[in-house]
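Just so you know, ligand 1 is whichever comes first in the structure, and atom 1 is the first atom listed for that ligand.
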Amino acid sequence: MIEPLSHEVLIQLAEQYGTPLYVYHAEKIKEQYNRLKTAFSKTDAVFFYACKALTNVNILRYIKNAGANVDCSSINEVKLALHAGFPPSRILYTSNGIAFDEIEEAQGLGVIINIDSLSNLEKFGKKFGHAYPVGIRLRPNILAGGNIKISTGHDKSKFGIPVDQITRILELVRKYDMFIRDLHIHTGSEIQDVDVFIQGIDILFRITHHFPDLEFIDLGGGFKVVSKPGDKETDIALLAEKVGAAFAKHPYKNGKPLQIWFEPGKFMVSEAGFFLTRVNVMKETTGADFVSVDSGFNHLIRPMFYDAYHHIENISNPGGPVKNYSVVGNICETDTFAWDRPLNEVREGDYLVFRNAGAYGFEMSSNFNSRLKPAEVMVIDGQSKLIRKRDVFQDLLRNQLEVI
Ligand code: LLP
């Protein structure tokens, strides 16, 4: 296993590039991809990195060179993937709730497409008939994932065409003689229980016989990673064994099982990421001892938005006595990263690092409070490289038209 970047390296990077700063450890990303490949080596499985987790073009290129494909959720992610050098055959576009012209644009770029509404399926059928293969994103009506905000397969979720609408799907497929190449589900993020995937497969296998052109089944992403002490990640060896066995029991064309696709996002990049901040202000009160860092939910929103846990370390005082602190940001709004968190004694000017910051960290950042987005650095072969400049004040005015 690749060791996390050391405190010394992180402090040196904080000093060199300033804070707040996102740092990504490239080799950790490759290790995660290789772990998946190894676990699934006996099955015909292909991995598409769900790039919504982190789209810096250097990360995309690194992942392409490592051998993974890419899953995109918007046309701009598709364009970034093309820009990074992925050929269209390695780009999957799984959209949700978008206008048909975006799907047409994706078709024009030649990428693989999953459609998630009857409305767009009909438009696609009318326009392309059998000429362009397409996949169907289904909602399996399974409740899974770390919490309700990151659950996408349940019966109140907006994602996918409900599997109970199969008759209507088949009507369209037959009417337009559509070439349905895959069925897709993505039930949620942080799914620890591998049986959730098996449940999804069972649901899909009940309907695969309706689709004679199927070549693969896409089971989405959602593998859980360890972020809190005591967490268990998805057992990918067990997952591979169970999924492999389920597919082997369900031979398809020429007696061969369908190919298995996955779209891991967090699993690929979460642990590779470190978010470095510096302590601006200490405030002792009767209710709590506050540590205010030079950041906020404008840079890392997961704790506030999903109650997500990010492990925090005081890398400037690792031997200091442990005390409880509320770690907060500098945004004028609800902005707590952690309540009552044990940390080595914190002093103004100390560097605090947030772990598991590679996925949905920078990617979900904003300029709220007219603050500047942080810089991003990649550590590769022991060298650090700046891969995104910190915003400057002019960025705040960049698209504004001063009409009065
Ligand atoms: N495929 C599809 C169609 C998805 O919608 C997603 C994530 C993935 C794959 C990748 O899921 P992952 O392997 O990363 O769990 N921002 C939230 C997570 C939302 C995930 C949305 N869809 C968070 O920070 O926890």
Peer 1: Decide whether an N or O pair under 3.5 Å exists between M364 and ligand 1.
Peer 2: no
Peer 1: When only distance counts, is A50 in polar contact with ligand 1, meaning an N/O pair under 3.5 Å?
Peer 2: no
Peer 1: Check if R137 has a non-hydrogen atom at a distance under 4.0 Å from any atom of ligand 1.
Peer 2: yes
Peer 1: I'd like to check whether Y306 has a polar contact with ligand 1, where a contact means an N/O of the residue lying under 3.5 Å from an N/O of the ligand.
Peer 2: yes
Peer 1: Less than 4.0 angstrom from a charged side-chain N to a carboxylate O is my criterion; do R302 and E363 meet it?
Peer 2: no
Peer 1: Are any of the heavy atoms in F267 under 4.0 Å away from ligand 1?
Peer 2: no
Peer 1: Taking NZ, NE, NH1 and NH2 as the nitrogens, is one of them in E190 or K266 under 4.0 Å from a carboxylate oxygen of the other?
Peer 2: yes
Peer 1: In the protein, which heavy atom is nearest to atom 24 (O) of ligand 1, and how far is it?
Peer 2: R302 NE, 2.5 Å
Peer 1: Hey, is D231 close enough to K224 for a salt bridge, meaning N to O under 4.0 Å?
Peer 2: yes
Peer 1: So, D395 and K373, do they make that salt bridge, N to O below 4.0 Å?
Peer 2: no
Peer 1: Between Y93, W261, F86, which is the residue that forms a ring-ring contact (aromatic ring centres under 6.0 Å, His included) with F48?
Peer 2: W261
Peer 1: What do we get for F159 next to ligand 1 when only non-hydrogen atoms under 4.0 Å count, side chain, backbone, both or neither?
Peer 2: neither
